[in-house]
Colleague: 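My questions all concern the structure below.
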Amino acid sequence: MAKKYTLNIAHLYGDLMNTYGDLGNILVLKYYGKKMGIDVQSNVVSLDEDFKAADYDIAVFGGGQDFEQTIVSKDIQTKKDEIKKFIDSNGCLLAICGGFQLLGKYYIDAKGDKIPGIGVMDHYTEQQHDNRFIGDILIKNEETGEQYHGFENHQGVTYTGSDERPLGDVEQGYGNNGKDKAEGAIYKNVYCTYFHGPILARNNIIAKHILIKALKRRYPNDDFSQFEKMKVEKAY
Ligand code: GLN
């Protein structure tokens, strides 16, 4: 009988940070998990709740509006050490838009207020004046050659740190800041992006990458090459 694999997802602030259906990312991880025969469980970890790094294989942190981000910014400081531990131990984390901003040093909101991030990554996010980057976006990941499609809607402009590489180079749209052609950030097994859509529903290949990385980390002695060969659907 085939071995039964289990993966646990922490949906960080899933009740507050879920812009444009970012929850769909978890549904896609469960959908492909089922195809691979993996039992993928998830639970929301929100205000005043403990996040324990050791309990999880994947964390998903969605986008949010400035009001929710201000609330989350205060609470997430209490989870900083465990989130850092999770990232340092190669946990897989998918952070979208407002979630991406709060993993970095700070975010200047539309009113000009500085919202502290947790600084577990080196990027920072400045303000645009009376402008938002809104629209469809297409990027290309330099390492894999994969193209990713999404929809961006953000006020903040993000500048990545020296140990972060972009999720992709912008081919159409704005990306992190509209200037340096970078979109998102990859650091260890953390994927950050401004893509809603949700990103994994439109770019199933990223869901596959995340599930395989999480499986290899949780079950280091097992061979997952059959999952690597698995075809994913394109849904732009
Ligand atoms: N409030 C942030 C901004 O406008 C994040 C937006 C989002 O998560 N969609 O930049």
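Because only heavy atoms are used, hydrogens play no part in the values below, and waters and symmetry mates are left out as well, while side chains stay in. Residue indices begin at 1 and follow the sequence shown. For clarity, every value in this text was computed on a predicted model and none was experimentally measured.
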Colleague: Using atom types as modelled and distance alone, determine if a side-chain donor or acceptor of K216 lies under 3.5 Å from a backbone N or O of F224.
Modeller: no
Colleague: Is F61 linked to F86 within one hydrophobic cluster, defined over Ile, Leu, Val, Met, Phe, Trp and Tyr using a side-chain heavy-atom separation of less than 4.5 Å?
Modeller: yes
Colleague: Members other than I134 in its cluster, when Ile, Leu, Val, Met, Phe, Trp, Tyr link by side-chain heavy atoms under 4.5 Å?
Modeller: F151
Colleague: Report the residues that fulfil side chain to side chain contact (heavy atoms under 4.5 Å, CB included) with K34, sequence neighbours left out, ordered by chain and then residue number.
Modeller: none
Colleague: Check for me, please, whether V232 and L167 land in the same ILVMFWY cluster - side-chain distances under 4.5 Å, paths through other members count.
Modeller: yes
Colleague: For G91, does its backbone N or O pair with a side-chain atom of N189 as donor and acceptor, under 3.5 Å?
Modeller: no
Colleague: Regarding Q127 and Q155, is there a side-chain donor-to-acceptor distance under 3.5 Å anywhere?
Modeller: no
Colleague: In chain order, what residues pass the ring pair (Phe, Tyr, Trp, His ring centres under 6.0 Å) check against F100, with sequence neighbours excluded?
Modeller: H123, Y194
Colleague: Should side-chain heavy atoms under 4.5 Å link Ile, Leu, Val, Met, Phe, Trp and Tyr, which residues sit in the same cluster as V44?
Modeller: none
Colleague: Just grab all the side-chain hydrogen bond (donor to acceptor under 3.5 Å, both in side chains) pairs involving residues 60-69, residues at least two apart or on different chains.
Modeller: D66-Y107, Q69-Q101
Colleague: Do other residues, nucleotides or ligands put more than 12 heavy atoms under 6.0 Å from the NZ atom of K111?
Modeller: no
Colleague: In Å, rounded to the nearest 0.5 Å, how long is the span from CG of L29 to SG of C92?
Modeller: 9.5 Å
Colleague: Counting only heavy atoms from other residues, nucleotides and ligands, does the tally under 6.0 Å from NZ of K188 exceed 12?
Modeller: yes
Colleague: Who passes side chain to side chain contact (heavy atoms under 4.5 Å, CB included) against S225, sequence neighbours left out?
Modeller: D223, E228
Colleague: Are V28 and L211 connected in the hydrophobic side-chain network, where two residues link if heavy atoms are under 4.5 Å apart?
Modeller: yes
Colleague: Answer with yes or no whether the side chains of R165 and T160 bring together a donor and an acceptor at under 3.5 Å.
Modeller: no
Colleague: Is it true that V60 and Y13 fall in one hydrophobic cluster, defined by side-chain heavy atoms closer than 4.5 Å?
Modeller: no
Colleague: In plain terms, say whether E82 and K79 are close enough for a salt bridge, that is, a side-chain N and a carboxylate O under 4.0 Å apart.
Modeller: no
Colleague: Once side chain to side chain contact (heavy atoms under 4.5 Å, CB included) is applied, do any residues pair with D169, and if so which ones, sequence neighbours excluded?
Modeller: E142, P166
Colleague: Establish whether L16 and V45 are linked, either directly or via other cluster members, by ILVMFWY side-chain heavy-atom contacts under 4.5 Å.
Modeller: yes
Colleague: My understanding is that only residues two or more places apart in sequence, or in another chain, count here; which of them pass ring pair (Phe, Tyr, Trp, His ring centres under 6.0 Å) with Y191?
Modeller: none
Colleague: With no hydrogens and no angle check, do the side chains of T6 and Q41 hold a donor and an acceptor under 3.5 Å apart?
Modeller: no
Colleague: Are there over 12 heavy-atom neighbours, none belonging to D222, within less than 6.0 Å of that residue's CG?
Modeller: yes
Colleague: Give a yes or no on whether the backbone of N204 and the side-chain of H209 come within a donor-acceptor separation of less than 3.5 Å.
Modeller: no
Colleague: What do the steps show when you test H196 against D22 for side-chain hydrogen bond (donor to acceptor under 3.5 Å, both in side chains), and what is the final call?
Modeller: CA-CA 6 Å; H196 298 283; D22 289 338; 3.0 Å; yes
Colleague: Taking side chain to side chain donor-acceptor pair (under 3.5 Å) as the test, write out the residues that go with D136, two or more places apart.
Modeller: none
Colleague: What's the verdict on salt bridge (Lys or Arg N to Asp or Glu O under 4.0 Å) for K85 and D81, showing C-alpha distance, side-chain angles and the deciding distance?
Modeller: CA-CA 6 Å; K85 202 188 278 181; D81 292 348; over 6 Å; no
Colleague: With Y219, which residues qualify under ring pair (Phe, Tyr, Trp, His ring centres under 6.0 Å), at least two apart?
Modeller: Y5
Colleague: Hydrophobic clusters join Ile, Leu, Val, Met, Phe, Trp and Tyr when side-chain heavy atoms are under 4.5 Å apart, directly or via other members; which others share one with Y106?
Modeller: I108, Y124, F133, V157, Y159, Y174
Colleague: In chain order, what residues pass the salt bridge (Lys or Arg N to Asp or Glu O under 4.0 Å) check against D15, with sequence neighbours excluded?
Modeller: none
Colleague: Are the side chain of E152 and the backbone N or O of G175 linked by a donor-acceptor pair below 3.5 Å?
Modeller: yes
